[in-house]
Chemist: 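The structure that follows is given in the form of structure tokens.
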Amino acid sequence: MVGPQSEREEKVSLELTEEILQSMEIGMVFKDYSGRISSVDFHRTSNYLVTASEDESIRLYDVSSATCLKTINSKKYGVDLVCFTSHPTTVIYSSKNGWDESLRLLSLHDNKYLRYFKGHHDRVVSLSLCSRNECFISGSLDQTVLLWDQRTEKCQGLLRVQGRPAISYDDQGIVFAVAFGGYIRMFDARKYEKGPFEIFSVGGDVSDANVVKFSNDGRLMLLTTMDGHIHVLDSFRGTLLSTYNVKPVSSNCTLEASFSPEGMFVISGSGDGRAYAWNVRSGKEVASWIMNSEPTVINWNWMSTDTEPPVIKWAPGSLMFVTGSTELSFWIPDLSKLAAYVGRK
């Protein structure tokens, strides 16, 4: 039988390995931004990606066709962080205008605001949506973490912190983490008002928390800090498994990092403008990339002139990650570099 059957037989199922990671290079790039990309998010179940940029735009992409479907400008409020809701064309985003710190629920389909969430009095630096219901949490430089329900404008709960907070729900939406001051506090999402049920130390690193994330299976978590540290912990025991070090970032930047889908690797930005990857099991650095879309993208002797860390995120269930600086880049494996796959076809 020729046709679809033979095509299926030719498809090679790739499992992410160090060799595949090292082969990854830019497969598609969008250069039409007039400011730095400040946030990216993949929808959990569709092929959509959304970005926020300092040029005050929110852009929706179809990853499967590598096309920009829509650009919406937020000139009045600016835009900093953006996250998908459960709906693939509805997002929540934070402002960046210095006078209105409200969060906004926006329909990208018809460019309509569905709801405003007012409560913060300084820049929102962390935003996370719950996968199992309509709840979300936000952390701000006003040293508060607010809990919200998308269906109502009124804040549902408040946690006071000491310092810049990094927050995240786990993949199941059952617990959430709040990191600041060298510790990660774990809360039961259903009874957060009782306080944290666990408090984990990250080994004396008290620099500002930037990003906290859980692996897809919930077994691991990572925390990045302004001093350029990426800590990986066992999310059940709180054991610090490894710490990776990159160039520190300035206080107005965010050091982004992301687990690969199966949790075996961590990718991160850096204050030197590069991106790095580590093997979680061995703790060793296995790859690094320069944020440049020219053909000679990976030249190990180059030094990047960019001093801000790129935003970086792994695509759910895919051998692809994206980076955002002044360009949006989609990174995919180059199979021609892989000895195990060359000549298979």
Chemist: Does the T85 side chain pair with the main chain of V91, one donor and one acceptor, at a distance under 3.5 Å?
Modeler: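 Here the side-chain-to-backbone pair does not exist.
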Chemist: Test your reading of the model: is there a side-chain donor-acceptor pair from E327 to the backbone of S329, 3.5 Å cut-off?
Modeler: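 Not a single qualifying donor-acceptor pair exists.
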Chemist: Strictly by modelled atom types, are Y33 and T51 linked by a side-chain donor-acceptor pair under 3.5 Å?
Modeler: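 Yes, a side-chain donor-acceptor pair sits under 3.5 Å.
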Chemist: Against Y61, only a single residue in F42, Y48, F30 fulfils ring pair (Phe, Tyr, Trp, His ring centres under 6.0 Å); can you say which?
Modeler: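 Only match with Y61 under ring pair (Phe, Tyr, Trp, His ring centres under 6.0 Å): F30.
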Chemist: Kindly work out whether a path of hydrophobic side-chain contacts (I/L/V/M/F/W/Y, heavy atoms less than 4.5 Å apart) joins W314 to V212.
Modeler: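 W314 does not cluster with V212.
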Chemist: Name all residues meeting the side-chain hydrogen bond (donor to acceptor under 3.5 Å, both in side chains) criterion together with S126; count only those two or more places apart in sequence or in a different chain, and write none if there are none.
Modeler: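 None.
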Chemist: Could you tell me whether a side-chain N or O of D142 sits under 3.5 Å from a main-chain N or O of H121, the two making a donor and an acceptor?
Modeler: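 Side chain of D142 to backbone of H121: a pair is present.
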Chemist: Could you measure the distance from the OG1 atom of T144 to the CG atom of D122? Nearest 0.5 Å is fine.
Modeler: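 The OG1 atom of T144 sits 9.5 Å away from the CG atom of D122.
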Chemist: Apart from L158 itself, what residues make up its hydrophobic cluster when side-chain heavy atoms of I, L, V, M, F, W and Y under 4.5 Å apart count as a link, directly or indirectly?
Modeler: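 Result for L158 is L81, I92, L103, L105, L114, F117, V124, L127, L129, F136, L146, W148.
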Chemist: Please answer whether the main-chain N or O of K154 pairs with a side-chain N or O of Q156 as donor and acceptor at a distance below 3.5 Å.
Modeler: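 Looks like yes, one N/O pair under 3.5 Å.
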Chemist: Does atom NZ of K75 have more than 12 heavy-atom neighbours from other groups under 6.0 Å away?
Modeler: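 Result for NZ/K75: enclosed.
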Chemist: Using a cut-off of 6.0 Å, state whether more than 12 heavy atoms not belonging to K284 lie near its atom NZ.
Modeler: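 Open: at most 12 neighbouring heavy atoms sit under 6.0 Å from NZ of K284.
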Chemist: Flag yes if more than 12 heavy atoms outside R132 fall under 6.0 Å of its CZ atom; otherwise flag no.
Modeler: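 Yes.
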Chemist: Could you pull out every donor-acceptor pair under 3.5 Å between side chains of residues 227-241 and any protein atom, sequence neighbours left out?
Modeler:
residue : atom : partner : partner atom : Å
H229    : ND1  : N245    : OD1          : 2.6
H231    : ND1  : T243    : OG1          : 2.9
H231    : NE2  : D205    : OD2          : 2.8
D234    : OD1  : F236    : N            : 2.8
D234    : OD1  : R237    : N            : 2.9
D234    : OD2  : R237    : NH1          : 3.1
S235    : OG   : G218    : O            : 2.3
S235    : OG   : R219    : O            : 3.0

Chemist: Does R115 use its side chain to pair, donor to acceptor, with the backbone of Q150 at less than 3.5 Å?
Modeler: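 Yes; at least one donor-acceptor contact below 3.5 Å.
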Chemist: Any donor and acceptor pair, going by atom type alone, linking the side chain of S57 with main-chain N or O of T71 inside 3.5 Å?
Modeler: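 The answer is no, because no donor-acceptor pair under 3.5 Å joins these two groups.
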Chemist: Looking at side-chain heavy atoms only, is the closest gap between I184 and V178 below 4.5 Å?
Modeler: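 Heavy-atom side-chain distance check fails, nothing below 4.5 Å.
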Chemist: Please collect all ring-ring contact (aromatic ring centres under 6.0 Å, His included) contacts where either partner lies in residues 162-191, sequence neighbours excluded, each pair once.
Modeler: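 Passing the test, one end in residues 162-191: Y169-F176, F176-F187.
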Chemist: Of all residues at least two apart in sequence or in a different chain, which pass the salt bridge (charged side-chain N to carboxylate O under 4.0 Å, His left out) check with D149?
Modeler: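 For D149, the residues satisfying salt bridge (charged side-chain N to carboxylate O under 4.0 Å, His left out) (neighbours in sequence not counted) are R151.
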Chemist: Got a donor-acceptor contact below 3.5 angstrom from the T17 side chain to the I20 backbone?
Modeler: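 Yes: the side chain of T17 pairs with the backbone of I20.
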Chemist: Report yes or no: does K313 contribute a side-chain atom to a donor-acceptor pair with the main-chain N or O of S258 at less than 3.5 Å?
Modeler: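 Side chain of K313 to backbone of S258: no pair is present.
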Chemist: Would you mind listing every ring-ring contact (aromatic ring centres under 6.0 Å, His included) that reaches into residues 239-267, with sequence neighbours excluded?
Modeler: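 Applying ring-ring contact (aromatic ring centres under 6.0 Å, His included) to every pair that reaches into residues 239-267, excluding sequence neighbours, yields Y244-W278.
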Chemist: Quick one: are T90 and F84 in side-chain contact, heavy atoms under 4.5 Å?
Modeler: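 No, their side chains stay 4.5 Å or more apart.
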